[in-house]
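Residue numbers start at 1 and run along the sequence shown.
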Amino acid sequence: MPATCSGLSEEQLQTYFREGYLVVEDLVPESTIDAVLVEAAKTPVVVGGSWTPRVFDHENPDRESGLHRILVEPSLVDAVESILESPARVYYGMLAVVPAQGGKGLDWHQDNMYDVVLGRALNTFVALCDITPNKAILWVAPRTHLMGVQESLTTEGHRIAATPENGMPLPTLKKGSAVIFDRNTLHHSRRNETNEHRYAYAAQYQEDKARNSAGIKDPLLRRVDDLRLRWQSLS
């Protein structure tokens with residue numbers, strides 16, 4: 001279901017907190033998606049290879065700002081701040097390309113398996129193209145956010161959790177739709193069996209007062225409003 005102009009409805013909020021994830025259709029405008037895809041197309045991709053990331057650089061925030069502009073997209077941020085009930089800080093941003101003809105996504109994991117955020121924090125998976133079930137669709141395990149951080153193994157630099165019994169693929173995500181999920185929600189994506197690369201963007205946020213596992217507030221994590229104004233001044 002789409003979000004309202006001022007964020008998420010009460011029904012959507014209830015779904016997010018109960019299930020640990022929420023699908024929001026048509027959340028990011030097509031004009032923004034198309035502008036990001038122009039930059040995303042410059043990413044070298046090996047057909048049939050592993051997923052290819054391009055990550056937002058907190059120390060050099062203006063580098064590739066066109067690629068990462070989804071981080072400050074008002075409609076997305078409004079939805080996020082409805083959940084956080086706080087001004088959002090950008091925690092992480094990443095273009096994720098899963099190559100055509102057998103390219104592989106990530107195995108089951110929780111974002112908090114990498115870095116635990118103390119306070120409200122979440123991930124948004126934005127479809128930059130139509131993502132069908134055979135195009136490395138996102139899988140989620142409902143209500144696993146209620147279980148806390150699970151045990152995991154590190155393989156080739158990635159954290160891998162045990163396969164949940166209730167894991168399920170999401171239906172086709174149309175271009176501009178987003179999946180918003182808790183950092184403790186188990187998720188993964190399988191292979192891209194189509195002849196087209198799968199383009200998505202992961203935008204992660206935390207509430208303004210959130211801290212890392214050491215209790216420290218990272219000064220590099222900028223408020224969305226500050227980053228948006230910074231980029232507007234460059235245009």
For Glu196, does the CD atom have more than 12 heavy-atom neighbours from other residues, nucleotides or ligands under 6.0 Å away? no
Less than 3.5 Å apart, which donor and acceptor atoms pair up between the side chains of residues 142-151 and the rest of the protein, not counting sequence neighbours?
from	atom 1	to	atom 2	distance (Å)
Arg143	NE	Glu19	OE1	3.4
Arg143	NE	Glu19	OE2	3.3
Arg143	NH2	Glu19	OE2	2.8
Thr144	OG1	Ala141	O	2.6
Thr144	OG1	Leu186	N	3.0
His145	NE2	Phe17	O	2.9
Gln150	NE2	Met147	O	3.0
Gln150	NE2	Gly148	O	3.1

Any side-chain heavy-atom pair from [X] and [Y] closer than 4.5 angstrom?
| X | Y | value |
| --- | --- | --- |
| Leu22 | Leu8 | yes |
| Leu95 | Leu128 | yes |
| Glu73 | Pro29 | yes |
| His187 | His109 | yes |
| Asn123 | Tyr92 | no |
| Thr124 | Leu122 | yes |
| Leu153 | Arg159 | no |
| Lys135 | Asn192 | yes |

Identify whether [X] and [Y] are in the same connected component of the hydrophobic contact network (ILVMFWY, side-chain heavy atoms under 4.5 Å).
| X | Y | value |
| --- | --- | --- |
| Leu173 | Met94 | no |
| Leu106 | Val179 | no |
| Ile83 | Val28 | yes |
| Tyr205 | Leu221 | no |
| Leu76 | Tyr91 | no |

How many angstroms lie between atom [atom1] of [X] and atom [atom2] of [Y], to the nearest 0.5 angstrom?
| X | Y | atom1 | atom2 | result |
| --- | --- | --- | --- | --- |
| Leu234 | Asp62 | CG | CG | 4.5 Å |
| Glu10 | Ser82 | CD | OG | 10.5 Å |
| Tyr201 | Ile33 | OH | CD1 | 11.0 Å |
| Glu39 | His68 | CD | NE2 | 9.5 Å |
| Glu207 | Arg89 | CD | CZ | 11.0 Å |
| Asp57 | Ser65 | CG | OG | 12.0 Å |

Which pair of heavy atoms, one from [X] and one from [Y], lies closest together, and at what distance?
| X | Y | result |
| --- | --- | --- |
| Pro61 | Leu227 | CB-CD1, 4.1 Å |
| Arg69 | Trp231 | CA-CZ3, 3.8 Å |
| Ala136 | Val98 | CB-CG1, 3.8 Å |
| Ser152 | Met113 | CB-SD, 3.5 Å |
| Thr172 | Pro133 | OG1-CD, 3.3 Å |
| Ile137 | Pro171 | CD1-O, 3.6 Å |

Which Ile, Leu, Val, Met, Phe, Trp or Tyr residues join Tyr114 in one cluster when any pair of side-chain heavy atoms under 4.5 Å counts as a link? none
Please test Asp26 against Lys174 for salt bridge (charged side-chain N to carboxylate O under 4.0 Å, His left out), starting from the C-alpha separation and ending with a verdict. CA-CA 8 Å; Asp26 303 319; Lys174 293 294 186 179; over 6 Å; no
So, [X] side chain and [Y] main chain: donor-acceptor pair closer than 3.5 Å or not?
| X | Y | result |
| --- | --- | --- |
| Asp182 | Gly20 | no |
| Arg198 | Ile131 | no |
| Arg222 | His58 | yes |
| Gln101 | Val47 | no |
| Thr52 | Val45 | no |

Within 45 degrees of the ring normal and closer than 6.0 Å to the centroid, is that where the cationic atom of Arg190 sits relative to Trp139? yes
Would Lys175 and Asp130 count as a salt bridge (charged side-chain N to carboxylate O under 4.0 Å, His left out) here? Give the steps. CA-CA 5 Å; Lys175 174 181 175 181; Asp130 289 352; over 6 Å; no
Could you walk me through whether Arg120 and Val80 pass the side-chain contact (heavy atoms from CB on, under 4.5 Å) test, one step at a time? CA-CA 11 Å; Arg120 284 185 177 174; Val80 166; over 6 Å; no
Compute whether any side-chain donor of one residue and acceptor of the other, for Arg183 and Gln206, lie under 3.5 angstrom apart. no
Residue from Trp51, Phe125, Trp108, Phe181 passing ring-ring contact (aromatic ring centres under 6.0 Å, His included) with His188: Trp108
